[in-house]
2 protein chains.
Amino acid sequence: MPPLDDAPVRGHGGFGLSCVHCFVSDSAFCAGLPANDVQRLSAIVSQVQFAAHATIFEEGEQAGFLYSIAGGSVKLYKLLPDGRRQITAFLFPGEFFGLALDGGYAYTAEALTPVVLCRFPRRKLDLVLENAPRIEKRLLGLAINELAAAHEQMLLLGRKTAREKVATFLMMLSRRAERRGLPATPIALPMGRTDIADYLGLTIETVSRTLTQFKREGVIALPDAGHAELLVPQQLCCIAEGG
Amino acid sequence: MPPLDDAPVRGHGGFGLSCVHCFVSDSAFCAGLPANDVQRLSAIVSQVQFAAHATIFEEGEQAGFLYSIAGGSVKLYKLLPDGRRQITAFLFPGEFFGLALDGGYAYTAEALTPVVLCRFPRRKLDLVLENAPRIEKRLLGLAINELAAAHEQMLLLGRKTAREKVATFLMMLSRRAERRGLPATPIALPMGRTDIADYLGLTIETVSRTLTQFKREGVIALPDAGHAELLVPQQLCCIAEGG
DNA sequence: CGAATCCTTGACAAGATTCAACTCGGGTGG
DNA sequence: CCACCCGAGTTGAATCTTGTCAAGGATTCG
C-alpha cells in the first residue's frame, strides 16, 4: 500500500509544523538539541504520511531514510522464510527508527495506525552530521537506548513465561504512555492480538487466554479489545518480574 | 573473582602491544580508523586481564569504561530476580562492549575464558570524541551492528524451534570464526552447555539432546564437549532457517 | 583414586500450541 | 432495515514440544 501522500512537504511547514516547534516528546530525536542543530535538521526533513497497515520500508531494502514519528504508531518486524514473524518493536510518537548500515534495513517497518513521519534523507543527514557532533552524539545515545530495550526484550523472549510476558507488555505500554504525558491507565492497544503474540513470541490464543485470566483475577479490565485498564498495576508489575 | 591484573598498563606497551599494531580484526573498534585517531585512542586505552568466570562489570553499575576484546571471549547477560538468566551475546577478539548511558550498564559482562581487554575510560573517550568525529561515527556504526544482531536474536528466541536455535547457533559460531580468519569447521565451543542454553532460551537438556540428534543425523560431529565439526554446513544452514 | 563438575540420557509433567467451534461487532447489500 | 457475512477475538479439547526430575557416564583435578 502506498503512502497517502507521495509528495511530502519539505522542511518548515510540512503539515503546518516546523521542527522548531515539533516537540512531540522529550525523548524525540530532536529534543534536547540546541536551536541551530534543530534548524539544520529542519532544513532536510520532510513529513510523510502512511495509512494503517502500509509498509514504510522492508527488511534488506537500501536504507535511504531515518524516520521519527510525529503521530501514530509503527511496528518493526522480521520474518522467517516460512512466514513466522517476530515483531521487534512497537513505536509511538517521538520515537525514531530506520538506523541502518550499508547492509540495508535490518527489519520491515509497517504503520500500525495512520502515521505522520518526519523523514530524514540519510545522505543529507550524513552531511549535516559532519558539522553537528551534538546530533551524532544524540543519535548514538538513541541507539544505545534501543540496544538496552532490545536486551530487555531478549530476556523476555528467552526466559519469561506467557503470564510474565503479557504482564510485562501491559506495564511497558502503560509506562510509555505516561512518558508521553498520557494517563498510565487505561491504555490503548492499537495493535491486534496477532501483533501482540508476534511481539511476545506466543500465539494469539495464549495472549487471549492470559488476558482473560488477568481479567478474572481482577488485575485488569478489558472494556473492549483495543483498550485495557490496569486495575492493580503494582501486582501486574510483580507478575512481570517473575513474582 | 578479581581480575588477574588490577594495575593495568597504560597506553602503548600494555602487554607489549600498541593500538597502532593491534588489529585483532577488521571489525575491531579501532580498525579502519586513520592513524591519528588510533593514536588518540592509544593515548587513553589501558589493557586489563580477567580470569575465566571473572565478572568484568555488572548490570546497573555506573558505566565507566568501554571495552574491546584483544584476546579471549566474553559473555553478556541479564538476570531475573529469581535467577533465570538470558545471555544476550557471546563476544570474541575484535568485538567491543560496554556502550551505556547514564543509566549504567544494561547487562553483566563476564569472562568466558581468560581475557585481555582494551579498556577505554568513558570520560576520556568523550573528550577524544569531541575532536574525532570519525571515531564517533565508528561507534555509531558498531552500535547499529549490535542492534541488527539483537533483532536477529529476538527472531531466534521468539520464533525458532529448539532445532533451529541450535543450528543457528552453530552456524553463527562458524561464520564468526571465519571472519576472524579461523577455519569454519571444526569450531570451538568455549562456553558450557548451560551458557548455550541460556543464550538460546532453552535448557541444557534440550541443547544436549539436540546436539546428539544432529550427531546421529550425521550433520555434525562432537570430538569432545568443547568442539563441534560441521559435517554438512549447508544442511545445518537449512535447519537454521526453518527447513 | 575419589570427588566434583559437566554432560548425556531417560521417564514423566506441564506449559504452550494446534485445531476447531463459537461469539461478537461492523460493514454490506439485498 | 435487517439478514448476512467477514474478520477478529475468545474458549475448549487434544496434542506436542520443551521443561523437570532423576540417574548414569565422562572428564578433570587435587
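Just so it is clear, the model here is predicted, and its values are computed rather than measured. Sequence lines set the chain letters: A, B, ... in the order given, protein chains first and strands last, and positions in each chain run from 1.
- Annotation: side chain of Thr88(A) is not in contact with side chain of Gln153(A) (no heavy-atom distance under 4.5 Å).
- Rounded to whole Å, atom P of dT10(D) lies 14 Å from atom CD of Gln213(A).
- For the atom pair CD (Glu229(B)) and CG (Leu222(B)), the distance works out to 10.0 Å, reported to the nearest 0.5 Å.
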Inset, instruction - Starting at the 5' end of nucleotides 5-20 of chain C, put B wherever the base has a protein heavy atom under 4.0 Å, S where only the sugar-phosphate does, and a dash everywhere else. - result: --SBBBB----SBBB-
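- The aromatic rings of Tyr107(A) and Phe57(A) are tilted relative to each other, their planes meeting at an angle between 30° and 60°.
- With rounding to whole Å, Leu189(A) atom CG is found 10 Å from dT10(D) atom P.
- The aromatic rings of Phe97(A) and Tyr67(A) lie parallel to each other, with less than 30° between the two planes, well short of the 60° mark.
- Evaluation of the salt bridge (Lys or Arg N to Asp or Glu O under 4.0 Å) test over residues 59-77 of chain A, restricted to residues two or more places apart or in two chains, returns Glu59(A)-Lys78(A), Lys75(A)-Glu110(A), Lys75(A)-Asp195(A).
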